2 protein chains.
Amino acid sequence: MPDRQLAKTLANGLNLLILLSRQEGDASLDELTKLAGQSKTACFRLLATLKEMNFVEQDAQSKRYRLGAQNISIGASALNSLSLRHVAMPFMEKLRALSDETVNMSVLEGTDIVFVARLEASHIINTRHRIGERLPAHCTCQGKAIMAFSPPEKLERLLGQINLRAVTEHTLATPQAIKKELALIRRRGIALNAQELEKGLCAVAAPILDYSGYAVASLNIAFPLLRHSQQEAIEDFAPAVAKACQEISRLLGCTRPAPFEPQG
Amino acid sequence: MPDRQLAKTLANGLNLLILLSRQEGDASLDELTKLAGQSKTACFRLLATLKEMNFVEQDAQSKRYRLGAQNISIGASALNSLSLRHVAMPFMEKLRALSDETVNMSVLEGTDIVFVARLEASHIINTRHRIGERLPAHCTCQGKAIMAFSPPEKLERLLGQINLRAVTEHTLATPQAIKKELALIRRRGIALNAQELEKGLCAVAAPILDYSGYAVASLNIAFPLLRHSQQEAIEDFAPAVAKACQEISRLLGCTRPAPFEPQG
DNA sequence: ATCACTTGTTCCGATTATCGGAACTGCGTT
DNA sequence: AACGCAGTTCCGATAATCGGAACAAGTGAT
């Protein structure tokens, strides 16, 4: 996997950090050793280093490892340095006022999306995502919106990496199906999630593009089909989301023209 | 630097990540090279590795580095798995060693505080609170410390809900009195409980703030006036409690500066 | 209570990954 | 056009990493 000259030790250490974050709660040295596929000694040394720098903590009695407070501090810093959030927030507030449904912003990280901002609807029945949470990109309209407006070579690489497990019966299951869907999204400027992630959950998303004309993030409105039909979403929400994203993109220096058939 | 067997490459890479997070916004390779005190080549390789794993991003045109989305995801994971208790425990142990009095941590729930961690003094005469126990927030220094550093709208809501029964003759009895007291606490960074809950019981508390700059919990040292005077508490315990809480807050991503007159 | 077994930790030599200097590239300025 | 500057690549010497073996400390079973 290492094509270029990369710092292998650093990569191994970071990999342990990622494994630990994907783990529920804490993990033992042995568990991490097996997950990472390395020697016990190497893992031990790497974890000792991570511990020294507060990236992991070790329980005094059980000796199990968990994520340290350093990650919280750096994560908060990463959120703050995202100028996107500040630019987008007023638009997200407008969208929520319009829809009274939850508005999310996500970025693409590998084959997953990560939530970076969120304004919740006032309803009790709601989506339960949190900032920092990740989801498979191809199962979400936010992920599809970003992928549809990504550079072709990046997209090809992603399609090769995507784990095509079907989350519901509506999930796109083949690279061909995804490509066809992305072409449609590219024409319309809008991505739809019709129960692909969870039954009864629907959402519309549009991409936020930067000066290069490619997507850096996406905004969506998510809602249960209890309150709105898919048709309502397309007619009422989609144009508003698309317009908000176009304005944000313009603020980021994007000059790419909007697609021709936003109404599809 | 410790002499132990640590993975130096990993440490150097993590150090770059920390430097980047302390930086306002982004940083160039040269800047990071100087800050880290390393060769340009080494930094470049480490940053390339960090980039590969989405811990940093690189702007396509300016080549400058900024924190990547991976940190947001891991930070959120850390927040969930690492309870406040784990972060605060070592600091609480230090406070108890310093004072040989009982150290408590509480969070606010409604108009009450709830004890979530506790280290007891060795003395026989002692406070008898237990983890999970609740007390009216406005009668305790812990509650006042949290309220003083809560969002204004939340505070207003609370003040309307508080049941203003006077527990002792020293208890704050009107919203005006409470507001005045909270303003004082906000300036000093320290909350005092002078027999407001029980005759002869005194305590000093400071707030623990998260990345938003608002309080999520508070720490106190509680003791009977038998062993220390109120003046001793202000001179000896208050600065230690304030310092501990500031350090914990920083670990949680708080950047809010400490108040100006911690000694009041 | 003892023994076997699991998990975490230390030691040490061989190997290999890392480091830093020098050289190359691309870009903006004088 | 030449220069300087920042980022990137190349390459050999060196120093750091790795993994096996041994040790320590618990844990559970006989």
Side-chain angles (χ1 to χ4, degrees), chain A residues 1-20 23-68 151 153-154 211-212 253, chain B residues 1-20 23-68 81 86:
Chain A
M1 61 172 155
D3 304 331
R4 279 168 300 161
Q5 273 210 336
L6 296 177
K8 202 176 157 192
T9 309
L10 175 56
N12 288 340
L14 295 175
N15 187 40
L16 281 176
L17 205 59
I18 294 172
L19 288 173
L20 201 52
Q23 210 69 3
E24 200 61 43
D26 51 10
S28 71
L29 174 61
D30 251 33
E31 289 165 11
L32 288 171
T33 305
K34 276 159 196 157
L35 284 171
Q38 288 203 306
S39 74
K40 205 160 51 160
T41 310
C43 281
F44 178 75
R45 268 165 46 84
L46 295 173
L47 285 167
T49 307
L50 289 166
K51 186 169 72 171
E52 180 70 23
M53 309 193 71
N54 294 316
F55 281 83
V56 305
E57 290 179 353
Q58 191 174 22
D59 191 280
Q61 41 193 1
S62 76
K63 300 291 180 185
R64 294 173 70 82
Y65 295 92
R66 59 172 175 274
L67 292 173
E153 57 273 24
K154 182 177 176 186
Y211 64 91
S212 70
Chain B
M1 277 292 200
D3 305 323
R4 305 233 325 267
Q5 271 213 339
L6 295 177
K8 202 177 158 193
T9 309
L10 175 57
N12 287 340
L14 295 176
N15 187 41
L16 282 176
L17 204 60
I18 294 173
L19 287 173
L20 202 53
Q23 210 68 4
E24 200 60 44
D26 51 10
S28 71
L29 174 60
D30 254 30
E31 288 166 12
L32 289 171
T33 305
K34 276 159 197 156
L35 284 171
Q38 289 204 306
S39 73
K40 205 160 52 162
T41 311
C43 280
F44 178 75
R45 268 164 46 83
L46 294 173
L47 284 167
T49 308
L50 288 166
K51 186 170 73 173
E52 181 71 24
M53 306 192 74
N54 296 314
F55 281 82
V56 305
E57 294 175 351
Q58 192 174 22
D59 189 280
Q61 47 186 9
S62 77
K63 300 290 182 184
R64 293 173 72 81
Y65 295 92
R66 59 173 174 274
L67 292 174
S81 73
H86 297 128

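Fair warning: this is a prediction, and the values are worked out from it, not measured in the lab. Just so it is clear: chains get the letters A, B, ... in the order the sequence lines come, proteins before strands, and each one is counted from 1.
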Worksheet entry | Student check: side-chain heavy atoms of B:Phe55 and A:Ile18 closer than 4.5 Å | yes
Discussion item. Taking only side-chain N and O atoms of B:Lys8, does any of them lie within less than 4.0 angstrom of OP1 or OP2 on D:dA16?
Written reply: yes
Worksheet item: So what does B:Gln61 touch, heavy atoms closer than 4.0 Å: a base, only the sugar-phosphate, or nothing?
Response: nothing
Discussion item. What is the separation between atom CG on B:Asp59 and atom C1' on D:dA6, rounded to the nearest whole Å?
Written reply: 15 Å
Worksheet entry | Side chain of B:Lys63 - closest among C:dT18, C:dG8, D:dG7 | D:dG7
Worksheet entry | Gap between atoms CG and C1', on B:Leu47 and C:dT18 respectively (whole Å) | 15 Å
Discussion item. Within the 4.0 Å heavy-atom criterion, would you say A:Glu31 contacts the bases, only the backbone, or no part of the nucleic acid?
Written reply: nothing
Worksheet entry | Between D:dT8 (C1') and B:Leu46 (CG): distance, integer Å | 15 Å
Discussion item. Here's a test of your reading of the structure: between A:Ala7 and A:Phe44, which maps to the more 5' nucleotide of DNA chain C?
Written reply: A:Phe44
Worksheet item: Expressed in angstrom and rounded to an integer, what is the separation of A:Asp30 atom CG from C:dT7 atom P?
Response: 5 Å
Item to complete: Output the single nucleotide from D:dT17, C:dC19, D:dT8 whose closest atom is nearest the side chain of B:Leu29.
Response: D:dT8
Item to complete: Report the nucleotide, chosen from C:dA22, D:dT17, C:dT18, that has the shortest atom-to-atom distance to any side-chain atom of B:Thr41.
Response: C:dA22
Worksheet item: Is B:Lys40 side chain donor-acceptor paired with the D:dG7 base, going by distance under 3.5 Å alone?
Response: yes
Worksheet item: Taking atom C1' of C:dC19 as reference, at what distance in whole Å does atom CG of B:Leu16 sit?
Response: 14 Å
Worksheet item: Taking only N and O in the side chain of A:Thr9, is any of them less than 4.0 Å away from OP1 or OP2 of C:dT18?
Response: yes
Worksheet, complete the sentence: Quick note, A:Ser39 side chain, CB onward, closest among D:dC18, D:dG7, C:dT9 is D:dC18
Discussion item. It should be established whether A:Asn12 places a side-chain nitrogen or oxygen under 4.0 Å from OP1 or OP2 of nucleotide D:dT17.
Written reply: no
Worksheet item: When you check the phosphate oxygens OP1 and OP2 of C:dG21, does a side-chain N or O of B:Gln38 lie under 4.0 Å from one of them?
Response: no
Worksheet item: In whole angstrom, what separates A:Leu32's CG from C:dT9's P?
Response: 12 Å
Item to complete: Could you check which of D:dC18, D:dT8, C:dC19 has an atom nearest any side-chain atom of B:Arg45?
Response: C:dC19
